[in-house]
Amino acid sequence: MADVTDISIYKEALSQFATGVTIVTCGSEQGPVGITVNSFTSVSLNPPLVLWSAAKDSKRHDYFANSNHFVIHVLKKQQIDLCSAFVKPTQGFEEIDWQYNSHGVPIINDCLALFECSFYSKHEGGDHTIFLGRVDSFNIDKGEPLIFLQGKYT
Ligand SMILES: Cc1cc2nc3c(=O)[nH]c(=O)nc-3n(C[C@H](O)[C@H](O)[C@H](O)COP(=O)(O)O)c2cc1C
């Protein structure tokens, strides 16, 4: 068995699990905030709860920690550029189509699915904070999902 303290092999083992790719957004006094995230998952159907986790050392972490609403956008396979825009330290919203919802949270147009959430709870998760949201409304479009597997988009 491999040793879990060998971080690079541990990360390689984790990367064998295929995920979709999402962008999570919230509003802030400094403007719209977004982050590329693959830790998204559904938790409960009744009530409808979803979760994602944010690295505590991310510059974006505190915006989400202080926000009452966030929106999760599931990306289509042709949206790698959108995904890359929200990995960088820049804002990410400069060259995309988006508008605010009634809670002041950015909605990015043309994603495969989106979930508008109210903050439900947050939990300690080591070097990450786990955010649970209650889904208030959602939308689905047609298309294929962007998949992240073994450190690559497929
Ligand atoms: C496919 C993919 C998935 C990611 N998932 C997460 C995630 O679930 N949580 C997280 O905090 N950061 C995640 N990141 C990293 C952030 O998108 C971003 O790179 C990081 O927040 C940059 O640091 P900064 O916020 O300090 O600028 C992911 C990056 C990629 C490319």
Side-chain angles (χ1 to χ4, degrees), residues 4 6-44 48-98 100 104-135 138-141 143-154:
V4 78
D6 189 334
I7 295 296
S8 65
I9 297 180
Y10 181 56
K11 283 184 171 175
E12 190 182 336
L14 293 173
S15 77
Q16 307 310 306
F17 182 62
T19 68
V21 183
T22 71
I23 295 169
V24 187
T25 58
C26 70
S28 83
E29 286 179 7
Q30 282 71 45
V33 179
I35 180 172
T36 298
V37 158
N38 70 342
S39 54
F40 165 72
T41 194
S42 168
V43 175
S44 163
L49 301 178
V50 294
L51 73 72
W52 68 285
S53 62
K56 288 179 183 169
D57 64 4
S58 163
K59 289 189 283 296
R60 293 162 238 221
H61 174 278
D62 289 356
Y63 292 116
F64 290 97
N66 294 320
S67 186
N68 289 325
H69 295 90
F70 57 84
V71 175
I72 296 169
H73 307 76
V74 180
L75 298 190
K76 296 178 181 174
K77 68 177 180 189
Q78 64 270 32
Q79 291 179 314
I80 293 180
D81 287 352
L82 194 51
C83 165
S84 303
F86 289 93
V87 172
K88 298 175 200 155
T90 51
Q91 205 194 22
F93 289 90
E94 296 80 6
E95 292 179 7
I96 63 168
D97 284 339
W98 66 276
Y100 283 116
V105 182
I107 300 271
I108 299 169
N109 297 336
D110 198 32
C111 293
L112 185 57
L114 69 81
F115 302 92
E116 295 185 73
C117 301
S118 298
F119 173 84
Y120 186 80
S121 60
K122 67 181 173 196
H123 303 267
E124 178 59 32
D127 57 12
H128 281 56
T129 300
I130 301 161
F131 294 106
L132 262 76
R134 186 185 173 112
V135 178
F138 67 96
N139 193 37
I140 318 175
D141 199 359
E144 303 273 329
L146 181 61
I147 302 292
F148 192 63
L149 174 64
Q150 298 177 333
K152 291 183 292 233
Y153 302 103
T154 67

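Whatever order the structure lists ligands and atoms in, that order sets their numbers, starting from 1.
In terms of polar-atom proximity, A55 is counted as a contact of ligand 1, with an N or O under 3.5 Å from an N or O of the ligand. Residue K88 has no nitrogen or oxygen atom sitting less than 3.5 Å from a nitrogen or oxygen atom of ligand 1, judged on distance alone. Residue S39 has at least one N or O atom closer than 3.5 Å to an N or O atom of ligand 1. Inclusion of I35 in the set of residues having an N or O under 3.5 Å from an N or O of ligand 1 is not warranted.
In this pair, F119 and F131 present their aromatic rings perpendicular. The plane angle is above 60°, beyond the 30 to 60° band.
Assignment of W52 to the shell around ligand 1 is not supported, since no heavy atom sits closer than 4.0 Å. At least one heavy atom of F86 sits closer than 4.0 Å to an atom of ligand 1.
Heavy-atom proximity to F148, at under 4.0 Å, picks out these atoms of ligand 1: 1 (C). Under a 4.0 Å criterion applied to the non-hydrogen atoms of A54, ligand 1 contributes the atoms 11 (O).
Looking only at heavy atoms of the protein, atom 5 (N) of ligand 1 is closest to N38 N, 3.0 Å. Taking atom 19 (O) of ligand 1 as the reference point, the nearest protein heavy-atom neighbour is V87 O, 3.0 Å. Here the heavy atom of the protein found nearest to atom 26 (O) of ligand 1 is K59 N, 2.9 Å. The nearest protein atom to atom 13 (C) of ligand 1, hydrogens excluded, is given as T36 O, 3.3 Å; this is a heavy-atom distance. The protein heavy atom nearest to atom 25 (O) of ligand 1 is S58 OG, 2.6 Å.
Using a cutoff of 4.0 Å between basic side-chain nitrogens and carboxylate oxygens, E116 and R134 are not scored as salt-bridged.
Here atom 27 (O) of ligand 1 lies nearest to R60 when heavy atoms of R60, K56, H128 are compared. Residue S53 holds the heavy atom nearest to atom 9 (N) of ligand 1 of all those in C83, S53, G151, G34.
When atom types are taken as modelled, the side chain of Q16 and the backbone of A13 share no donor-acceptor pair closer than 3.5 angstrom. A donor-acceptor pair is defined here as one N or O able to donate and one able to accept, closer than 3.5 Å; such a pair exists between the side chain of H73 and the backbone of I23. Using a distance-only test at 3.5 Å, with no hydrogens or angles considered, no donor-acceptor pair links the side chain of T22 to the main chain of V24.
Under the side chain to side chain contact (heavy atoms under 4.5 Å, CB included) rule, T25 has a single partner from I72, I108, I107, I35, which is I108. Screening V21, I147, L75 for a side chain to side chain contact (heavy atoms under 4.5 Å, CB included) with Y153, the sole residue that qualifies is V21.
Taking both residues in full, the closest heavy atoms of S28 and Y63 are given as CB-CD2, 3.5 Å, listed atom of the first, atom of the second, then distance.
Between the side chains of H123 and T129, no donor N or O sits under 3.5 Å from an acceptor N or O.
Considering only heavy atoms from C-beta on, P145 stays 4.5 Å or farther from K77 through its side chain.
Contacts with ligand 1 closer than 4.0 Å are made by side-chain heavy atoms of Y153 only, the backbone lying farther away.
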